**Q** 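Shown below is the structure under consideration.
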2 protein chains.
Amino acid sequence: MGAGSGIDGLDGRIIVLLAREPRIGVLEMSRRLGVARGTAQARLERLQSNGVIRGFGPEVDPAALGYPVTAFATLEIRQGQGPQVRRHLASVPEVLELHTTTGTGDMLCRLVARSNADLQRVIDRVVGFDGIVRAATAIVMENPVPLRIIPLVEQAARDR
Amino acid sequence: MGAGSGIDGLDGRIIVLLAREPRIGVLEMSRRLGVARGTAQARLERLQSNGVIRGFGPEVDPAALGYPVTAFATLEIRQGQGPQVRRHLASVPEVLELHTTTGTGDMLCRLVARSNADLQRVIDRVVGFDGIVRAATAIVMENPVPLRIIPLVEQAARDR
DNA sequence: TGCGCCACTGGGCAGGATGCCCAGCCGAAA
DNA sequence: TTTCGGCTGGGCATCCTGCCCAGTGGCGCA
């Protein structure tokens, strides 16, 4: 991993272009970039087989689905209960992602809920499991920087 | 918002299908769903103008870009320094997202770095700003549940 | 210095998908 | 019952895709 990886300027421009206008095709892309279509096509393929671009899945807004409340929960789990806890959390649809982190056997997960009241139900379901000792929840109020990748891509391209 | 929104079964199947095989076109989609092409096309358009589907931006893997280390930082900020802190954090490429949360004027941000050592540099840059009083960092070790949306979509579709 | 490799170019080709149109049908609401 | 919105199934021209090719230029290596 990371062996032959790395992004050059053209790769960076491809990703940024794709991030800004996801619907454009290879041909339009090659026109904007000022390269031959075959080049753009080859680069795109390489970026995907490289794993740099994982895919083009639809970005779904949980709020538009009826889940406008987002929260982060820090979980303290009982020793050795990791696998069970993971399985449990994976089975809860409102758990959007889960990380294990350094610290006291902690996990961090992102939750959504239909309302603040509903969040209580979600949390109850999340922590209503033997392996979980304690949970601390932080409700998201604003999202000044939504998940982004462009600045990082540009820096990676600059660093050659 | 959220007025006429909501997802029916067909919408749910469209999103799930798109999430699993993002490259398929409208025609192939209509074939898999067993509906007319016009229907699939109209639904997709509606989902996008609804805001349920925000877009189809490329999913870029920071690790493949040379940033294999992910961390979450909880920041305590000085009263009234919110706007400045946001601007500062937005200017750091390694800050992938930023949330303001309930609690003691806290913020939570996701960071990436080239290595554990590099993470120190990133954190220094993040907290090297007047408005930030204290920072607690949790390094991500594993990601048992990567950011996902399918289970939530299926539940939303089931709930009518 | 000369050679081979690799990426890029510019072009061509057939098949397929897209965007857009239409008339007809049907169920639900007024 | 009438109207309306959504779905169907079809057609159309245009455009893009995936794939192919030969030619060219830069670069590292012997």
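Chain letters run A, B, ... following the sequence lines, proteins first, then strands; residues in each count from 1. Quick caveat, the model's predicted, so the values are computed rather than measured.
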**Q** In terms of side-chain geometry, is the basic nitrogen of R121(B) or D124(B) positioned less than 4.0 Å from the acidic oxygen of its partner?
**A** no
**Q** Check whether any side-chain N or O of H88(B) sits under 3.5 Å from a backbone N or O of V127(B) as a donor-acceptor pair, and report yes or no.
**A** no
**Q** Check each of T100(B), V126(B), I132(B) against V85(B) using the side chain to side chain contact (heavy atoms under 4.5 Å, CB included) test, and report the only one that passes.
**A** I132(B)
**Q** Can you hop from V140(A) to V145(B) via hydrophobic side chains spaced under 4.5 Å?
**A** no
**Q** Evaluate whether atom CZ of R32(A) has more than 12 neighbouring non-hydrogen atoms of other residues, nucleotides or ligands under 6.0 angstrom away.
**A** yes
**Q** Expected output is a numbered-order residue list: members of residues 11-19 of chain B with a heavy atom under 4.0 Å from any atom of DNA chain C. What is it?
**A** none
**Q** Taking atom C1' of dG9(D) as reference, at what distance in whole Å does atom CG of L27(B) sit?
**A** 12 Å
**Q** Is the shortest side-chain N to carboxylate O distance from R110(A) to E97(B) below 4.0 Å?
**A** yes
**Q** Are L33(A) and S30(A) close enough that some pair of their side-chain heavy atoms sits under 4.5 Å apart?
**A** no
**Q** Can you check the F56(A) CZ to dT17(D) P distance for me, whole Å?
**A** 12 Å
**Q** Give the angle between the helix axes at the two ends of the helix from dT1(C)-dA30(D) to dA30(C)-dT1(D), taking five base pairs at each end and rounding to 10°.
**A** 40°
**Q** Examine distances only and state if a side-chain atom of R31(B) and a backbone atom of V26(B) form a donor-acceptor pair shorter than 3.5 Å.
**A** no
**Q** Roughly, in whole Å, what's the span from CD in E28(A) to P in dC16(D)?
**A** 7 Å
**Q** Give a yes or no on whether a salt bridge exists between R43(A) and D8(A), defined as a side-chain N under 4.0 angstrom from a carboxylate O.
**A** yes
**Q** Do any N or O atoms from the side chain of E59(A) and from the backbone of G57(B) form a donor-acceptor pair under 3.5 angstrom?
**A** yes
**Q** Just the endpoints, please: which first and last nucleotides of DNA chain C, 5' to 3', lie under 4.0 Å from a heavy atom of chain B?
**A** dA17(C) to dC20(C)
**Q** Strictly under 3.5 Å: I want the nitrogen or oxygen pairs between protein and nucleotides 24-27 of chain D, one per line.
**A**
none

**Q** Quick check on DNA chain D: between G38(A) and T39(B), whose nearest nucleotide comes earlier from the 5' end?
**A** T39(B)
**Q** Going by atom type alone, with no hydrogens or angles, which donor-acceptor pairs under 3.5 Å involve a side-chain atom of residues 64-82 of chain B and a protein atom two or more places apart or on another chain?
**A**
residue: Y67(B); atom: OH; partner: Q155(A); partner atom: OE1; Å: 3.2
residue: Y67(B); atom: OH; partner: R114(B); partner atom: NH2; Å: 3.4
residue: R78(B); atom: NH2; partner: D130(B); partner atom: O; Å: 2.9

**Q** Looking at every strand, decide which applies to R43(A) at a 4.0 Å heavy-atom threshold: base, sugar-phosphate, or nothing.
**A** sugar-phosphate
**Q** Among residues 29-37 of chain A, which ones have heavy-atom contacts with DNA chain D below 4.0 Å?
**A** R31(A), R37(A)
